[in-house]
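Comments concern the structure below.
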Amino acid sequence: MISISAPALEDDEIEAVKDVLKSGMLAQGPKVKEFEEAFASYIGTKYAIAVNSGTAALHIALLAPGIGKGDEVITTPLSFISTANSVLFCGAKPVFVDIDEDTFNIKPNLIYEKITPRTKALLPVHLYGQPCDMKEIVKICGEHNLALIEDACQAHGAGYAGKKVGSFGIGCFSFYPTKNMTTGEGGMITTNNKDIAEKARMIRNHG
Ligand SMILES: Cc1ncc(COP(=O)(O)O)c(C=O)c1O
């Protein structure tokens, strides 16, 4: 029997949790800061902001650049429901673009026909750890002045053209137990943009 999603938790993880329990710092303590810095360095971004789930990461990553009511966000229909729900949580409308049958990821040349004056962001998903066609996606965002939010909840460590996913736009990661790495429940936002990082930290803490 080969288990495909059992978390690999050994003595060093158990000892690390014991240290945190003994410290009494069970929420935003020094270990969270240490984790944020290590994760940012691993992904190759200046900032990483820890949150309590991948869904919260997506929600905040959309709120931080100002996505809200009346806006449209282009995304893929083939994902966990959290991707589209996070757009709805902001009062915006998810607009679906079909996938490439070879990669299961959003097909860039179908994005153009869905762009309207209300489109504010692209939200591609690096599904099953497979990076999207970032060359085309970054180009479309530049041409149409769109925010780029990457759902990298299943793609920790996946690389594209020498960079890690989550470093092209605002990256969103999940640490749910079935993911590539876990904290039990948890998530992370990654970005190189100082304003977005500050805004995300504020929203994480109820503004
Ligand atoms: C593609 C994708 N997006 C978002 C999420 C949401 O992450 P979480 O379960 O940590 O809220 C998940 C995982 O469940 C996911 O697989």
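Just so you know, ligand 1 is whichever comes first in the structure, and atom 1 is the first atom listed for that ligand.
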Closest approach of His126 to Pro131 (non-hydrogen atoms, all atoms of both residues):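 Taking His126 first and Pro131 second, the nearest heavy atoms are ND1-CA, 3.5 Å.
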
Using a strict cut-off of 4.0 Å, indicate which atoms of ligand 1 neighbour a heavy atom of [X].
X: Thr83; value: 3 (N)
X: Ser53; value: 10 (O), 11 (O)
X: Phe80; value: 2 (C), 5 (C), 6 (C), 12 (C), 13 (C), 14 (O), 15 (C), 16 (O)
X: Gly54; value: 7 (O), 8 (P), 10 (O), 11 (O)
X: Ser174; value: 7 (O), 8 (P), 10 (O)

Check Glu34 with Lys31, please: is the shortest side-chain N to carboxylate O separation under 4.0 Å?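 Glu34 and Lys31: salt-bridged.
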
Quick one: do Lys120 and Asp71 make a salt bridge, cutoff under 4.0 Å?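 Looking at Lys120 and Asp71, the cut-off is met.
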
What do you reckon, are the aromatic ring centroids of Phe175 and Phe39 less than 6.0 Å apart?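 Yes, the ring centres sit under 6.0 Å apart.
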
Tell me, yes or no, whether the heavy-atom count around Lys114 atom NZ, taken from other residues, nucleotides or ligands under 6.0 Å, exceeds 12.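 It does: Lys114 NZ has more than 12 such atoms within range.
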
Distance under 6.0 Å and angle within 45° of ring axis: Lys194 vs Tyr47: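 Pair Lys194/Tyr47 does not count as cation-pi.
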
Counting only nitrogen or oxygen atoms and a 3.5 angstrom limit, does [X] reach ligand 1?
X: Gln154; result: yes
X: Ser82; result: no
X: Cys153; result: no

With a 4.5 Å limit on heavy-atom distance, are the side chains of [X] and [Y] in contact?
X: Leu62; Y: Val87; result: yes
X: Ile140; Y: Tyr112; result: yes
X: Thr45; Y: Thr191; result: no

Part of [X] within contact of ligand 1 (heavy atoms, under 4.0 Å):
X: Asp151; value: side chain
X: Glu185; value: neither
X: Leu58; value: side chain
X: Ser79; value: side chain

Heavy-atom nearest neighbour in the protein, as seen from atom 11 (O) of ligand 1, with distance rounded to 0.1 Å: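 The answer is Thr55 OG1, 2.5 Å.
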
To which protein heavy atom is atom 14 (O) of ligand 1 closest, and what is the distance rounded to 0.1 Å?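 The protein heavy atom lying closest is Lys179 NZ, 2.9 Å.
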
